[in-house]
Structures are given as structure tokens and as C-alpha cells.
Amino acid sequence: QVQLVESGGGLVQAGGSLRLSCVASGFPFGDYAMGWFRRVPGNERDFVGSIETSGGRTNYADSVKGRFTIARDNAKSTMYLQMNSLKPEDTSVYFCARTPHGYGMTWHSGYDYWGQGTQVTISS
């Protein structure tokens, strides 16, 4: 079955960095665009960024553009989220997800499988 497992979350000071990983299994990873989301108040999920199947193109929310970078290694069925210059407002649970709609999809309902999430906490 399809599984997405995030890791790499933790507690860091503002200005620091973290790298999240998302390991996929149960489907041909290289055939799907992937995305990162984070939880916001009201238990909604905000788009962070996405990456196309080959990894050549990415899309980011304005709030993280220039600070976060998404990459993928299709040979390892793994997607990454490199987060730099972290701010307290980046504190959240981060989720990876799969979309059949291409990397331009920014709406959470366009993603069909989700990981369990990993907590990122940024102290001021």
C-alpha cells in the first residue's frame, strides 16, 4: 500500500536550519509530483511547496520562497525539504503528500496520500 513517512523534525532556534525527509513506498515514486504542507490553526493544511516528477521544477508558497528548497531523489523514493533562516512562525507539523495533478497543485484536496507529519518547532 502507499506509504509516506516524514522525518527530520525537531526544535531549533530562529535563524537555524532543518532538513525534512519523506520516504515513499508502494507506488512508482518517479511518476508523481509531490508536495509539502504544514498545519495551521483550524487543523487546515497550508501549501509549502511542491516538486515535479523529475525534480527539475518546483513551486513555493510566498511565505517560504527563498528560504525553503524542495528536492527529490527518485532512486531512493525520497523527497526533501531544506528549511533555512527559520522563523518562529514556521513552527508547525509538516506533511508530505502525493498528487496525481502535477506540481502546480497547491490545494490540499488535490493530494491523495499523506504522511503522518513531523513536528518542527522554532524558538525565538
Side-chain angles (χ1 to χ4, degrees):
Q1 73 277 23
V2 173
Q3 278 195 311
L4 299 171
V5 180
E6 303 95 336
S7 63
L11 170 65
V12 297
Q13 288 189 327
S17 298
L18 276 176
R19 189 177 82 155
L20 307 184
S21 298
C22 171
V23 178
S25 61
F27 67 99
F29 181 72
D31 288 354
Y32 288 84
M34 300 291 295
W36 288 98
F37 284 75
R38 59 189 181 187
R39 183 176 287 156
V40 294
N43 209 33
E44 296 295 322
R45 297 182 183 186
D46 262 7
F47 175 76
V48 172
S50 58
I51 188 166
E52 69 164 358
T53 54
S54 68
R57 287 183 290 182
T58 52
N59 184 29
Y60 298 97
D62 287 344
S63 59
V64 306
K65 204 170 290 183
R67 300 188 298 123
F68 291 11
T69 303
I70 298 175
R72 65 190 295 164
D73 183 341
N74 288 344
K76 295 182 178 179
S77 296
T78 301
M79 177 177 63
Y80 304 97
L81 177 64
Q82 178 67 44
M83 305 186 292
N84 298 329
S85 302
L86 284 161
K87 305 175 182 180
E89 52 263 43
D90 294 318
T91 294
S92 186
V93 178
Y94 284 73
F95 300 89
C96 67
R98 184 188 88 167
T99 179
H101 300 296
Y103 83 108
M105 174 56 64
T106 61
W107 191 243
H108 62 83
S109 62
Y111 288 75
D112 57 1
Y113 284 94
W114 295 79
Q116 82 288 350
T118 186
Q119 176 71 48
V120 170
T121 304
I122 312 303
S123 63
S124 57

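Side chains included, hydrogens not; waters and symmetry mates left out as well; all remaining heavy atoms used. Numbers here are sequence positions counted from 1. What you are looking at is a predicted structure, and each value in this text was computed from that prediction instead of being measured.
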side-chain contact (heavy atoms from CB on, under 4.5 Å) between Asp73 and Tyr80, intermediate numbers included
CA-CA 8 Å; Asp73 183 341; Tyr80 304 97; 4.2 Å; yes

Under 3.5 Å, is there a donor-acceptor pair between the Asn74 and Arg72 side chains?
yes

Say you draw a straight line from [atom1] of [X] to [atom2] of [Y]; how long is it, rounded to the nearest 0.5 Å?
X      : Y      : atom1 : atom2 : result
Arg98  : Cys22  : CZ    : SG    : 11.5 Å
Ser85  : Arg67  : OG    : CZ    : 7.0 Å
Arg45  : Ser109 : CZ    : OG    : 12.0 Å
His108 : Arg39  : NE2   : CZ    : 12.5 Å

Under a 3.5 Å distance rule, please check whether Ser50 uses its side chain to pair with a backbone N or O of Gly35 as donor and acceptor.
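No, Ser50 side chain to Gly35 backbone: no donor-acceptor pair under 3.5 Å.
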
Inspect the surroundings of CD in Gln13 and state if more than 12 heavy atoms from other residues, nucleotides or ligands are less than 6.0 Å away.
no

Hydrophobic cluster of Tyr32, others only, ordered by chain and residue number, side-chain cut-off 4.5 Å:
Val2, Leu4, Val12, Leu18, Leu20, Phe27, Phe29, Met34, Trp36, Val48, Ile51, Tyr60, Val64, Phe68, Ile70, Met79, Leu81, Met83, Leu86, Tyr94, Tyr113, Val120, Ile122

Linked hydrophobic residues, Phe47 as query - side chain contacts closer than 4.5 Å:
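Answer for Phe47: Phe37, Val93, Phe95, Met105, Trp107, Tyr111, Trp114.
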
Can we say Lys65 and Asp62 salt-bridge, meaning some charged N sits less than 4.0 Å from an Asp/Glu carboxylate O?
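The answer is yes: the pair qualifies as a salt bridge.
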
So which heavy atom on [X] is nearest to which on [Y], and how close?
X      : Y      : value
Pro100 : Gly110 : CD-O, 3.6 Å
Thr53  : Ala33  : CG2-N, 3.7 Å
Cys96  : Glu6   : N-OE2, 2.8 Å

Is there a side-chain contact between Ser63 and Arg38, using heavy atoms and a 4.5 Å cut-off?
yes

